[in-house]
Each structure stands twice: as structure tokens, then as C-alpha cells.
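This is the structure I want to talk about, given as C-alpha cells.
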There are 2 protein chains.
Amino acid sequence: MSDLEVRQLRYFVAVAEELHFGRAAARLDMAQPPLSRAIRALERQLDTALFERTTRQVALTPAGEVLLRDARTALEAVTAAAHRAHQAGRTEPRLRIALKADLDGGLLPRILDAYATDPAALPPELVLGGYGEQPRALRDGRADVALLQLPCDDRGLDSEPLLTEPTLVALAATDPLAARSALHPDDLAGRELPDGAPADGLRPARPGGPRPTAARRASNLSEILSLVETGSIVFFAPASLARRHPRPGIAYRPVRGLPDSTLAVAWPQDARSPAVAAFVRAACTTATSTSTATSTAAVPAHRGGDRTGPH
Amino acid sequence: MSDLEVRQLRYFVAVAEELHFGRAAARLDMAQPPLSRAIRALERQLDTALFERTTRQVALTPAGEVLLRDARTALEAVTAAAHRAHQAGRTEPRLRIALKADLDGGLLPRILDAYATDPAALPPELVLGGYGEQPRALRDGRADVALLQLPCDDRGLDSEPLLTEPTLVALAATDPLAARSALHPDDLAGRELPDGAPADGLRPARPGGPRPTAARRASNLSEILSLVETGSIVFFAPASLARRHPRPGIAYRPVRGLPDSTLAVAWPQDARSPAVAAFVRAACTTATSTSTATSTAAVPAHRGGDRTGPH
DNA sequence: GATCACTCATACCGCCAGGGTACCAATGCC
DNA sequence: GGCATTGGTACCCTGGCGGTATGAGTGATC
């Protein structure tokens with residue numbers, strides 16, 4: 001069983017995600033027959049069936065499920081090696097900070113100020129990304145450190161919580177529910193959410209199958225808030241965001257029973273850069289010394305809590 | 001910057017480890033010129049110098065150091081994908097347990113007994129390996145779970161300590177030091193250790209440069225103990241091993257100031273198999289319910305301590 | 001300081017891995 | 001039962017990659 005090649009993993013992941021050789025081939029920008037051959041060769045090489053296929057249906061075998069998971073992480077590791085090496089070769093090194101715009105709890109400026117005073121600090125560079133992209137950015141080497149919401153897929157990451165605050169829901173001020181002072185998740189059943197993917201398990205089940213409302217496509221916060229204002233969608237947001245983006249047409253209401261939203265600083269477990277350590281220190285001290293940090297101490301460290309930071 | 005290929009990473013790691021294109025090529029079983037070309041192409045692709053080379057000297061650049069580390073983990077991730085998929089495709093699945101023979105603290109039989117009673121248990125299969133090979137076996141998918149000594153390179157792993165006991169040194173009974181009831185690490189300065197690599201930072205400095213004594217090659221415990229008996233080497237071992245392998249010609253003595261030896265059960269952070277969880281449970285309950293577990297409670301959990309086991 | 005040994009780089013060649021095209025076969029739908 | 005869909009097979013051909021031969025720079029030796 002000789003070594004796998006990245007190409008084989010990419011091919012496999014494409015087919016496993018599409019469950020359709022033709023579409024996967026299109027996505028890979030190649031013809032279907034060589035893709036089929038490559039997958040067959042992979043199966044022979046691993047001595048394992050990865051797909052159950054008829055001419056009408058493609059499905060993953062259990063071994064295929066395992067490989068899909070591991071292939072994804074392996075591909076992330078490979079691209080991480082490339083990104084980090086490329087980054088390390090730059091003439092003026094930077095600290096790349098991944099975050100989702102407007103979800104930094106308003107802490108970022110103060111964190112950056114504190115960070116800048118550290119002798120180990122490198123000039124910061126922001127890497128903006130959508131919902132849940134921050135962990136991936138850390139894993140595949142596009143970023144060195146991140147501000148993100150817990151919980152998240154933290155395989156390979158260490159994190160330190162900074163700030164816990166209640167989760168509010170943003171409603172149109174005209175919404176009947178806005179008259180109430182607090183809501184229950186069930187009240188929101190069937191409402192549309194922004195397209196990004198706040199796909200927390202908590203998302204109210206959408207009744208009657210997928211019913212995609214038009215024009216949910218909203219990439220940035222002001223677009224989302226505009227859609228909220230019109231009543232097209234509702235939107236879950238931590239309290240700090242509500243505080244920083246008040247709008248007359250929007251009512252923010254607490255939702256009883258929804259878990260609090262926790263902002264954390266996260267970094268690759270094997271990070272060694274002193275700049276990352278400096279940023280983590282700055283983030284932690286900023287968070288604890290800030291008056292808005294209402295209940296940080298109550299939150300248990302989310303792995304890596306027994307460490308002081310990256311080495 | 002298109003995707004890297006596994007072949008490129010293997011080539012790079014070989015050169016980075018050998019720091020010599022000719023030897024690296026030999027190790028890769030190929031000629032030197034294509035290797036040089038491949039490295040140059042890699043540097044162009046990453047737009048980064050990876051080596052400083054003259055015709056007489058090859059050295060890693062800082063970017064090269066970064067890539068070496070990340071390339072190793074990426075290669076481990078790729079082979080892990082292959083191993084785990086292959087394993088998942090076997091007709092009779094197994095739980096592969098990595099350990100170093102004789103370093104299980106005598107717990108293994110009882111752990112296996114407890115494990116066997118779990119409904120989620122799969123038939124166990126032992127994966128024996130040398131010093132420090134267990135973490136790698138977990139990372140590259142050769143094993144599902146391991147018994148190993150802490151601390152170790154635990155990137156990507158979770159672990160739970162089982163048993164902490166003092167570290168003893170094994171001496172020839174005729175050794176002058178054997179007359180003393182306790183030793184200090186400095187007393188052992190200059191002594192040879194078994195070849196494997198108990199390369200803890202604690203290793204007494206070998207004075208006067210490398211002075212390899214003949215016949216230190218010893219792969220298993222009885223060979224090592226024989227060498228100890230003759231006075232050729234000394235050997236650090238946890239107390240349980242001493243208890244289980246008494247020999248007239250060997251004296252075990254405590255070493256003041258040497259950190260205790262901790263046995264732990266470890267598993268890949270992203271392990272999901274219920275069999276792994278069952279084994280971890282079995283190991284933990286066996287360790288705490290055992291009379292030889294003198295001071296387990298005193299040891300803080302070594303990451304993952306805030307979890308009950310793999311998902 | 002000229003020679004030599006060593007080692008990395010360049011030039012050129014040849015093979016085959018892997019992708020493309022054409023076609024076949026099986027399956028489900030009308 | 002024909003047709004559309006989709007995966008598999010056969011065959012060709014290109015380009016990436018490895019091999020051999022050779023060049024060029026550098027440090028050591030006498």
C-alpha cells in the first residue's frame with residue numbers, strides 16, 4: 001500500500017461530496033472517465049470499496065465515510081504547509097488574524113492596542129471570513145490566530161474563551177414577537193435565517209421541507225440587518241453586536257434557553273510563533289480587564305485551558 | 001500557488017533531514033539531479049527559498065524550518081487517511097492498541113479484561129513500537145489508541161493519565177552507585193543509555209563528545225537488562241517495570257530530582273470510534289480502581305482532561 | 001596557488017502515468 | 001420497448017518526472 005497522493009484525495013473528496021462522478025469531474029475540471037479510473041485505482045490501492053455504485057446511484061461505504069473525514073483533514077494539512085511556508089518566506093512577516101466581521105464583540109481595537117505594545121508583535125493583517133470559516137483558516141494555514149465563536153469544529157486548535165454574553169435575536173420592530181420582552185426558540189420555528197449558516201443545532205426546524213425564501217443572499221452585516229428590518233429573516237447575534245448596531249427598525253430580544261454566545265481566541269495547537277502568543281496574551285488580558293466581560297470567569301476553559309498559551 | 005503534492009513534501013523532508021541532496025536522493029532511491037530540480041520547483045511554487053545552499057553546505061532557511069514541521073504533520077495526515085480507510089475496510093474490524101512492550105505498568109491485562117466486557121468493544125490487536133513511536137502510530141493511523149509515557153509529542157492527540165510512579169534507574173548490582181539508596185541525576189553523568197532513545201531532556205550529558213560504546217543495540221527489554229547486568233549501560237524505568245522484572249544482578253535505585261514517569265492512555269483528538277471510547281473508559285477505571293495507582297489523583301489532566309473521552 | 005574531491009546545477013533524453021475521446025453497458029423512466 | 005442518464009472500458013497521446021552525462025563553484029591539501 002504505497003503512499004497516497006494529494007490528487008487522489010482531492011478526487012475522492014470531490015466524488016464523495018457530489019456523490020456523482022460526472023458532477024465531480026466537472027468540479028475538478030476534467031473528464032469523467034479518468035476520474036472513475038482514479039477512484040477505482042484508489043480503491044485497489046487501499047484494498048477497500050469506498051463507494052457503492054450502480055449506474056444510477058453513488059453512495060459512500062463506511063470506509064468511504066472514514067476516508068472522507070481523514071482526507072479532508074489531510075488536504076487541510078497539506079495546504080497549511082504550503083500557506084505557512086509561503087507566509088514564512090515573506091520579507092515582512094505578519095500576524096494574520098481570522099475573524100468574522102462585526103463578531104469581535106468590539107474587543108478587536110483594544111486587543112490590537114494591547115498587542116502592539118508587545119515586543120514580540122508583528123504587524124497584524126486581518127483575514128475576514130464567513131460563518132465558521134475561521135477554524136478552517138487556522139487549519140489550512142491562511143491565518144495564524146482567530147477570534148471566533150465557540151463551540152466550533154476545534155480539531156487541531158487550542159482556544160481560550162474571552163467573553164460570554166447572551167444570544168439575542170434580531171427581529172423587525174414591526175414583528176408581533178417584538179412586542180414580547182423575551183422569546184423562546186420555538187417561537188421562531190419556521191423563520192428564515194441569513195444564508196451564511198448559523199447552522200447551530202439550535203436552528204428552529206424549518207417546517208414543511210426546504211422553502212428557500214428569495215433574496216436571503218446577504219454577505220455583510222448591513223445587508224443582513226436590512227433584511228431583518230424588512231421582516232424577511234431573523235438573525236441571532238451576541239449582545240455586544242446588538243449594542244454596537246442599534247437600528248430603529250430592529251428589535252433585539254433575548255431568547256430563553258438558547259446557549260450563550262462565547263467569543264474566543266483560537267490558534268493552531270502546534271503554533272510556535274511568539275507573535276501568536278503575544279496576541280493571545282493581549283486578547284486574554286483585554287477581555288478580563290474589560291467592563292463588558294460580565295461572566296468570563298464562569299466559563300470553563302475549552303481545551304488548552306491548562307496552558308498559558310502557545311509555546 | 002497550486003496545490004502541493006505528497007511527493008514534493010517527501011522530497012523536501014528527505015533533503016531537510018539529510019541536509020545533503022546526494023544522501024537524500026539515495027534515501028529516496030532516486031538520482032540527485034531530479035531531486036534538485038524538484039526542490040527548486042517547490043521553491044518557485046511557494047515563492048520562497050527553503051534552503052541556503054552553496055556547493056559545500058545545505059542549510060534550512062526559516063521558511064524551510066516552518067515547512068519541515070508542517071510537511072511532517074501533513075505527511076502523517078495523508079498516511080493516516082490511507083491507514084484508517086484501509087482499516088475501516090477490513091471485514092473484521094479491530095481496535096489497534098499501540099504500546100511499548102513492558103511499559104504498560106502491568107495494567108494491560110486488566111484493562112483488556114475490563115474493555116472486553118464493553119458491548120462496544122472490538123477485538124484488540126497490539127501494535128508494538130519503540131520509544132516514542134506511539135504518538136506517531138496514532139497520528140499516522142497505524143493505531144487507534146495507545147498506552148504511552150507522558151510527556152510526549154501530543155500534537156493532535158488527547159490523553160488521560162493513568163498511573164504516575166517514580167522513575168528508577170537500573171544499575172548493575174556490582175556498580176559502586178548501587179551501594180547508595182538514592183541517586184542524583186549528576187551521579188549518572190556520562191553513563192551510556194540504551195540505544196532506543198530515552199532522550200528525555202534529563203539524559204545526563206555525555207562528556208567529551210559522542211563516545212558510542214559497542215553493543216548498545218538492544219531492541220527488547222531482556223537484552224537491555226542483560227547489558228545493564230554487565231554494567232555496559234544504565235536504564236531509566238518506572239517503578240512498576242522494576243517490580244515486574246527483578247533480577248539478582250540488577251539494582252533499581254530511585255533518582256532524586258528526576259520527574260515521575262506517567263503512563264497515559266492517548267487517542268487521536270478526532271477519534272470517533274466507540275471502541276476507542278470503550279478502551280479509554282476501561283483504562284481509566286482500571287487505573288483508578290487499582291491498588292498500585294498510588295497518586296493518580298495528584299496529576300492534572302494533560303489536555304483533554306475536561307472531556308470524558310472521545311466522542 | 002594549482003589540483004583535486006565533493007556537491008549542487010544544467011542539458012538532454014526517454015518512459016509512462018494520467019487525461020482526453022469514443023464507445024459500451026446497465027438502469028430507471030415514460 | 002425506446003430513450004436518457006450515468007458509470008465503465010478501450011485506446012491514444014501528451015507532458016511531467018526520473019535517469020545519464022556533464023558543468024561549475026568551493027573548500028582542502030600539499
Side-chain angles (χ1 to χ4, degrees), chain A residues 1-61 63-64 67-68 71 75 78 82 89, chain B residues 1-61 63-65 67-68 71 75 78 82:
Chain A
M1 191 178 61
S2 78
D3 251 339
L4 293 186
E5 277 298 331
V6 167
R7 187 176 38 78
Q8 300 179 280
L9 295 180
R10 275 204 315 272
Y11 288 6
F12 170 77
V13 169
V15 176
E17 285 178 356
E18 300 286 346
L19 291 179
H20 188 292
F21 281 78
R23 280 197 298 275
R27 189 170 118 185
L28 293 167
D29 202 31
M30 66 186 288
Q32 169 260 320
L35 179 58
S36 289
R37 256 187 306 154
I39 297 292
R40 278 238 173 272
L42 179 62
E43 290 180 314
R44 269 199 307 276
Q45 194 171 335
L46 296 176
D47 192 26
T48 304
L50 299 172
F51 296 101
E52 302 280 357
R53 33 200 185 294
T54 68
T55 55
R56 312 296 293 177
Q57 191 83 3
V58 176
L60 279 169
T61 62
L67 184 59
L68 178 55
L75 288 176
V78 171
Chain B
M1 190 180 61
S2 76
D3 252 340
L4 293 186
E5 276 298 331
V6 166
R7 188 176 37 79
Q8 301 179 279
L9 295 180
R10 275 205 316 270
Y11 289 5
F12 170 77
V13 169
V15 176
E17 284 178 356
E18 300 285 346
L19 291 179
H20 188 291
F21 282 78
R23 280 197 297 275
R27 188 170 118 185
L28 293 166
D29 201 31
M30 66 186 290
Q32 167 262 320
L35 179 58
S36 289
R37 255 187 307 152
I39 298 292
R40 277 239 172 272
L42 178 61
E43 290 180 314
R44 269 200 307 276
Q45 193 172 337
L46 296 176
D47 191 26
T48 304
L50 299 171
F51 296 101
E52 302 281 358
R53 30 201 188 295
T54 69
T55 54
R56 311 295 294 177
Q57 192 83 3
V58 176
L60 279 169
T61 63
E65 303 265 11
L67 184 59
L68 177 56
L75 288 175
V78 171

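The structure displayed is predicted, hence computed values, not measured ones. Residue numbering restarts at 1 for every chain, and letters A, B, ... go by the order of the sequence lines.
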Considering all heavy atoms of both residues, which atom of Leu9(A) and which atom of Ala71(A) are nearest to each other, and what is their separation?
-> CD2-CB, 3.9 Å
Residues that Glu17(A) engages under salt bridge (charged side-chain N to carboxylate O under 4.0 Å, His left out), provided they are two or more places apart | Arg27(A), Arg72(A)
Listed by chain and number, what are the side-chain contact (heavy atoms from CB on, under 4.5 Å) partners of Arg56(B), not counting sequence neighbours?
->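 side-chain contact (heavy atoms from CB on, under 4.5 Å) list for Arg56(B), sorted by chain: Thr54(B).
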Using ring pair (Phe, Tyr, Trp, His ring centres under 6.0 Å) as the criterion, list what pairs up with Phe12(A), not counting sequence neighbours.
-> Phe51(A)
Outer limits of DNA chain D sitting under 4.0 Å from a non-hydrogen atom of chain A, read 5' to 3', are dT5(D) to dT9(D)
Passes side chain to side chain contact (heavy atoms under 4.5 Å, CB included), Leu50(A) versus Leu60(A)? Steps please.
-> CA-CA 6 Å; Leu50(A) 299 172; Leu60(A) 279 169; 5.6 Å; no
Give each protein N/O atom lying under 3.5 Å from an N/O atom of nucleotides 20-22 of chain C, with the pair distance.
| residue | atom | partner | partner atom | Å |
| --- | --- | --- | --- | --- |
| dG20(C) | OP2 | Ala31(A) | N | 2.8 |
| dG20(C) | O6 | Arg37(A) | NH2 | 3.2 |

Go through the structure and list residues passing side-chain contact (heavy atoms from CB on, under 4.5 Å) with Ala26(A), not counting sequence neighbours.
->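 side-chain contact (heavy atoms from CB on, under 4.5 Å) check on Ala26(A) returns nothing, list empty.
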Non-neighbouring partners of Glu5(A) that pass salt bridge (charged side-chain N to carboxylate O under 4.0 Å, His left out), sequence neighbours left out |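 Per chain and number, Glu5(A) pairs via salt bridge (charged side-chain N to carboxylate O under 4.0 Å, His left out) with no residue.
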With Arg23(A), which residues qualify under side-chain contact (heavy atoms from CB on, under 4.5 Å), at least two apart?
-> Glu18(A), His20(A)
Tell me, please, which residues at least two apart from Arg40(A) pass salt bridge (charged side-chain N to carboxylate O under 4.0 Å, His left out).
-> Glu43(A)
Pairs under 3.5 Å (Watson-Crick or G-U), crossing ones as [ ], inter-strand ones as |: DNA chain D comes out as ||||||||||||||||||||||||||||||
Counting just side-chain N and O atoms, does Ser36(B) come under 4.0 Å of either OP1 or OP2 of dA9(C)?
-> yes
Which heavy atom in Thr61(A) sits nearest to a heavy atom in Ala49(A), and how many Å separate them?
-> OG1-O, 2.7 Å
Over all atoms of both residues, closest heavy-atom pair of Ala24(A) and Leu35(A) =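 That closest heavy-atom pairing would be CB-CD2, 3.8 Å.
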Which comes earlier along DNA chain C counting from the 5' end, the contact point of Arg53(B) or that of Leu35(A), where each point is its nearest nucleotide?
->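 Residue closer to the 5' terminus by nearest nucleotide: Arg53(B).
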Heavy-atom closest pair, residues Asp3(B) and Gln8(B) = O-OE1, 4.2 Å
May I ask you to list the residues of residues 19-28 of chain A, by number, that have any heavy atom positioned under 4.0 Å from an atom of DNA chain D?
->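 His20(A), Phe21(A), Gly22(A), in order of number.
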Could you tell me whether the side chain of Leu67(A) reaches within less than 4.5 Å of the side chain of Thr48(A), counting heavy atoms only?
->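 Side chain of Thr48(A) against side chain of Leu67(A), heavy atoms only: no contact under 4.5 Å found.
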Stepwise side chain to side chain contact (heavy atoms under 4.5 Å, CB included) check, Arg53(A) with Ile39(A) = CA-CA 12 Å; Arg53(A) 33 200 185 294; Ile39(A) 297 292; 4.2 Å; yes
Grab the CD-P distance between Glu52(A) and dT27(C) for me, whole Å please.
->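 After rounding, the gap between these two atoms is 14 Å.
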Any side-chain heavy atom of Leu42(B) sitting closer than 4.5 Å to one from Leu4(B)?
-> yes
Which ones in residues 4-12 of chain A lie close to DNA chain C, meaning a heavy atom under 4.0 Å from one of its atoms?
->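 Close to the strand are Arg7(A), Tyr11(A).
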For Arg56(B), report the nucleic acid contact type (base, sugar-phosphate, nothing); a contact means any heavy atom under 4.0 Å.
-> base
